Amino acid sequence: MSFPNHRPRRLRTTPAMRRLTAENRIAPAELILPAFIREGLSEPNPIASMPGVVQHTTETLKRAASEAVERGVGGIMLFGIPEVRDAEGTASLDPEGVLNKAIRDVRAEVGDDLVIMSDVCLDEFTDHGHCGVLDSNGYVDNDATLDIYAKMAVAQADAGAHVLGPSGMMDGQIGVIRQALEDAGHVNTAVVAYAAKYASAFYGPFREAVDSQLKGDRRTYQMDAANRREAIQEVELDLAEGADMVMVKPAMSYLDILRDVAEMSPVPVAAYQISGEYAMIEAAAANGWIDRRAAITESVLGISRAGANMVLTYWATELAGWLKEA
Ligand code: PBG
């Protein structure tokens, strides 16, 4: 009788054995909680397509940030929803505007115990919902938008953000933001580049979350789902412009891209498990079709295993609690 030398099942026999021999683990510290704050709310406002996620008031946002700290979550990514919108997204530059104020409030609440990140993008602030300003043909004007991003970035750094997250996919955005930060003396404010961000159908629930005014799509500035090589080019451009970290977004339908970027990037790589990915798992779990906790844990582990050093996920705080228990 011959015995095969390799019997992988030996390492699967008990939970303790599986735990010991696990090749990858996720830790609370690598999770980033995306959070929404809406101007003028007196109570948190549930987002129907993202059960369990709300548009926060100042008070509930501060509480969410403190809870994240208690659970050991690594960071928070803030998105603001203003009361008044216009074609240029002017409210984004107001130091008392919803997002800048939220950054200041969260920083006052948690200090440096949580990495505070903020969205540098105009889509929440424009009355047409695009990530930039429009030219006379309704085309998103790349360079006119860059001027605004530079000012937005400085306003957010002034407010106390540790890391800025330009998510608008304008060419050259990392370079102008880096330059503006340097000129304003914010030499230690980092930038996470949404380097490979695809035009995805899975952003649907986010558009509800930020009450987006967008009609149409973002295909003239976000990447085409068909393209893999192009992601490397986008990352290389952002690195050359000074990105401190790079991101791939969405995560689950783009794990090959994430792997490619993880292999070539000299800086930390983030992946964003987006609203539609959240909604799918929540919906299936609500129907009893999948085990919620197991599915959430597996989905984030898969993103991490594919090469993400950091994962943005709406389950960050809840998942961190489970990881601490385990
Ligand atoms: C744009 C932005 C979007 C998301 C994050 N930043 C929406 C978009 O590009 O349409 C989506 C995040 C998610 O779906 O969870 N500021």
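It should be emphasised that the depicted structure is a prediction, and the values quoted were computed from it without experimental measurement. Numbering of ligands and ligand atoms starts at 1, following listing order.
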Exercise. Quick one: is the NZ or CZ of K197 closer than 6.0 Å to the six-membered ring centre of Y272, and within 45° of its axis?
Worked result: no
Exercise. Of T189, I116, V120, which is the lone residue that meets side-chain contact (heavy atoms from CB on, under 4.5 Å) with Q156?
Worked result: V120
Exercise. Can you list the residues that meet the ring pair (Phe, Tyr, Trp, His ring centres under 6.0 Å) rule with Y278, with sequence neighbours excluded?
Worked result: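 With neighbours one apart ignored, the set is Y314, W315.
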For residues 26-36, which side-chain N or O atoms pair as donor and acceptor with protein atoms under 3.5 Å away, sequence neighbours left out?
from	atom 1	to	atom 2	distance (Å)
E30	OE1	A27	N	3.0
E30	OE2	S304	OG	3.0

Can I get a per-line list of side-chain donor-acceptor pairs under 3.5 Å for residues 39-46, giving both atom names and the distance, sequence neighbours left out?
from	atom 1	to	atom 2	distance (Å)
E39	OE1	E83	N	2.7
N45	ND2	Q55	OE1	2.9

Problem set entry | Carboxylate-amine/guanidinium proximity below 4.0 Å for R292 and E282 |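 A salt bridge links R292 with E282.
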For this session: Anything with a heavy atom under 4.0 Å from ligand 1 counts, so go ahead and list those protein residues by chain and number.
Result: F79, D119, C121, D123, E124, S167, K197, Y203, F206, R207, R218, Q222, K249, Y272, I274, S275, Y314
